[in-house]
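Step one of this worksheet: look at the structure below.
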Amino acid sequence: MTIVFFLVNSIPGDPVSIMLGPTPSAEQIAEVQAKYGLDKPIYERYLNYLASVAQGDLGESINVNSGMPVSELIMNRLPITLLLTVSAFAFAIATAVPLGVISAKRRNEPTDHVARIVSLIGVSTPSFWIGLMLIIVFATHLDLFPSRGLVLPWTEPGTGSRVTRRTETRLEILVLSVKHLILPMITLGTLQMAQIARIERSTMVDTLQDEYIKLARAYGVPENTIVRKHAFRPAQLPVITIIGLGLSTALGGAVLTEFVFEINGMGRLIIQGIYQRDYPVVMGTTIVFGITYLVGVIITDISYAYIDPRVKYGEEQ
C-alpha cells in the first residue's frame with residue numbers, strides 16, 4: 001500500500017487541473033486542494049491516509065465521481081467484478097479438470113496432444129486479444145452475444161440501465177445477464193483454464209505412476225475406478241494451489257477484460273482513477289484487490305485440509 005501511494009502520487013498530472021479545467025482561479029485551486037488535503041506535503045498526506053484507512057475511511061473521489069465516498073463507489077462496482085471473476089473461474093475449472101484428467105489417462109495419444117496444444121495456446125495468448133476476437137466473431141458477425149456491458153442477475157426488471165428497462169420478468173433479466181456474461185467469462189477464464197489443465201495433467205500423470213496405483217492395477221481394479229477413487233483426489237493439492245494463487249492473476253486480467261467489454265467493474269474503476277489522477281480511488285481499489293488476494297490464499301489453505309485429511313492446522317503432529 002505504501003509503494004502504491006507514493007507511485008500514484010508521483011504520476012505526472014494534477015487532479016485539480018482535471019477537475020477545474022484549463023483556466024481556474026487561484027481561489028478555486030486553493031479551495032479544492034484544501035478540501036482533499038492536496039496542499040499538504042506528501043508524507044503528511046500519507047500519514048493522514050493511513051489514519052483514515054485504520055478507521056475504515058477510504059476518502060472521497062476527486063474526479064471519477066466528485067465527493068462520493070470511495071467505499072460507496074467500490075461497493076457499487078465490486079459485485080460486477082466478483083460476478084465476472086467467479087464465473088470465469090467456474091468456466092476454467094469445469095473445462096480444465098476434465099481436460100487434464102483425460103489428457104493424463106491417454107498420455108502420448110492424439111487426445112493428449114490436442115489437449116496440450118489447447119493448453120499451450122491458452123497460456124500464450126493475451127486475454128485482451130481473445131476478447132477482441134470473440135467480439136468480432138460472436139458479436140459483430142454472428143450477432144449471438146452483446147459486445148459491451150454486463151447485467152447483474154439480481155437487477156430488478158424495468159429498472160437500471162437502458163438495456164434492463166426493456167425487460168419485464170426475472171427470467172428475461174437472467175437470460176440477459178447470461179448473454180452479457182458469456183464472452184467476458186471466456187476471455188478472463190481462458191488463461192486460468194490453460195494453467196489448471198496443465199497442472200492437472202502433470203499431477204495426474206505422476207499420481208498414476210505411484211506404487212499404490214500399480215498395486216491396484218495388479219489386483220485388477222478397473223482403470224476408471226483407479227482414476228476416480230484413488231488418483232483424482234490426491235492429485236488435487238497442486239491444482240488447488242494454482243486456483244488460489246490464480247485469483248490475483250484473474251483480478252489483473254479483469255482490468256483488461258472490463259476495459260475491452262466496457263464493463264463498469266473494479267478494473268474499469270481503477271483505470272478511470274489513474275487517467276483522472278483520482279488518488280483515493282486508485283488506493284481504495286488497490287486495497288480491495290489486496291484483501292481479495294489474501295482471502296484467496298486463506299481459502300486455498302482451508303481447502304488443503306479438506307482435500308487431504310493428513311493436513312491439519314493447529315494440531316501437533
Side-chain angles (χ1 to χ4, degrees), residues 85-127 130 185-254 292-317:
T85 306
V86 171
S87 302
F89 262 89
F91 160 75
I93 295 170
T95 54
V97 172
L99 189 67
V101 172
I102 293 172
S103 182
K105 278 181 63 180
R106 303 186 178 183
R107 186 183 180 193
N108 295 328
E109 295 181 9
T111 306
D112 180 30
H113 297 321
V114 172
R116 294 169 69 183
I117 291 173
V118 170
S119 300
L120 183 61
I121 293 174
V123 168
S124 57
T125 307
S127 60
I130 295 175
M185 176 187 73
I186 295 174
T187 301
L188 183 58
T190 298
L191 175 61
Q192 308 303 323
M193 181 273 292
Q195 290 177 335
I196 295 170
R198 288 163 64 89
I199 296 297
E200 182 73 50
R201 178 191 178 279
S202 175
T203 54
M204 281 297 294
V205 167
D206 291 340
T207 306
L208 288 173
Q209 294 176 343
D210 283 347
E211 293 300 323
Y212 74 96
I213 296 293
K214 294 178 180 176
L215 182 62
R217 288 196 182 105
Y219 276 101
V221 179
E223 191 68 19
N224 286 337
T225 303
I226 290 175
V227 171
R228 190 175 65 254
K229 290 189 175 181
H230 304 293
F232 180 75
R233 188 164 178 169
Q236 299 313 302
L237 283 180
V239 178
I240 293 294
T241 304
I242 290 296
I243 292 174
L245 298 180
L247 187 60
S248 60
T249 308
L251 290 172
T292 308
Y293 177 74
L294 290 177
V295 170
V297 172
I298 293 172
I299 292 175
T300 302
D301 287 344
I302 295 174
S303 300
Y304 283 163
Y306 175 75
I307 296 295
D308 189 348
R310 293 172 298 179
V311 179
K312 296 295 182 184
Y313 298 109
E315 295 182 5
E316 294 184 1
Q317 302 296 317

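Legend: residues meeting side chain to side chain donor-acceptor pair (under 3.5 Å) with Arg217, ordered by chain and number and at least two apart, are Glu223. Applying the side-chain contact (heavy atoms from CB on, under 4.5 Å) criterion to Val297, with sequence neighbours excluded, gives Leu245, Tyr293, Asp301. Ile121 is linked by a side-chain contact (heavy atoms from CB on, under 4.5 Å) to Ile117, Thr125, counting only residues two or more places apart in sequence or in another chain. Qualifying side chain to side chain donor-acceptor pair (under 3.5 Å) partners for Asn224, counting only residues two or more places apart in sequence or in other chains: Lys105. Every side-chain contact (heavy atoms from CB on, under 4.5 Å) that Leu215 has, sequence neighbours left out, goes to Tyr219. With sequence neighbours excluded, the residues that form a side-chain contact (heavy atoms from CB on, under 4.5 Å) with Pro126 are Phe128, Trp129. Residues passing the salt bridge (Lys or Arg N to Asp or Glu O under 4.0 Å) test with Glu109, sequence neighbours excluded: none.
A 4.5 Å side-chain heavy-atom check between Leu191 and Ser127 finds every atom pair outside the cut-off. Annotation: side chain of Ile186 is not in contact with side chain of Met193 (no heavy-atom distance under 4.5 Å).
Applying the salt bridge (charged side-chain N to carboxylate O under 4.0 Å, His left out) rule to pairs touching residues 88-101 yields nothing, sequence neighbours excluded. Pairs passing the side-chain hydrogen bond (donor to acceptor under 3.5 Å, both in side chains) check and including a residue from residues 203-212, sequence neighbours excluded, do not occur. Applying the side-chain hydrogen bond (donor to acceptor under 3.5 Å, both in side chains) test to residues at least two apart or on different chains, the pairs with a partner in residues 111-123 are Ser103-Asp112, Asp112-Arg201.
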Determine all donor-acceptor pairs shorter than 3.5 Å in which one atom belongs to a side chain in residues 86-102; sequence neighbours excluded.
{"residue": "Ser87", "atom": "OG", "partner": "Leu83", "partner atom": "O", "Å": "2.7"}
{"residue": "Thr95", "atom": "OG1", "partner": "Phe91", "partner atom": "O", "Å": "2.8"}
{"residue": "Thr95", "atom": "OG1", "partner": "Ala92", "partner atom": "O", "Å": "3.2"}

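Note that CD1 of Ile226 and CG of Leu208 are 8.0 Å apart. Values are rounded to the nearest 0.5 Å.
For Arg228, the CZ atom counts as densely surrounded, since its 6.0 Å shell holds more than 12 non-hydrogen atoms of other residues, nucleotides or ligands.
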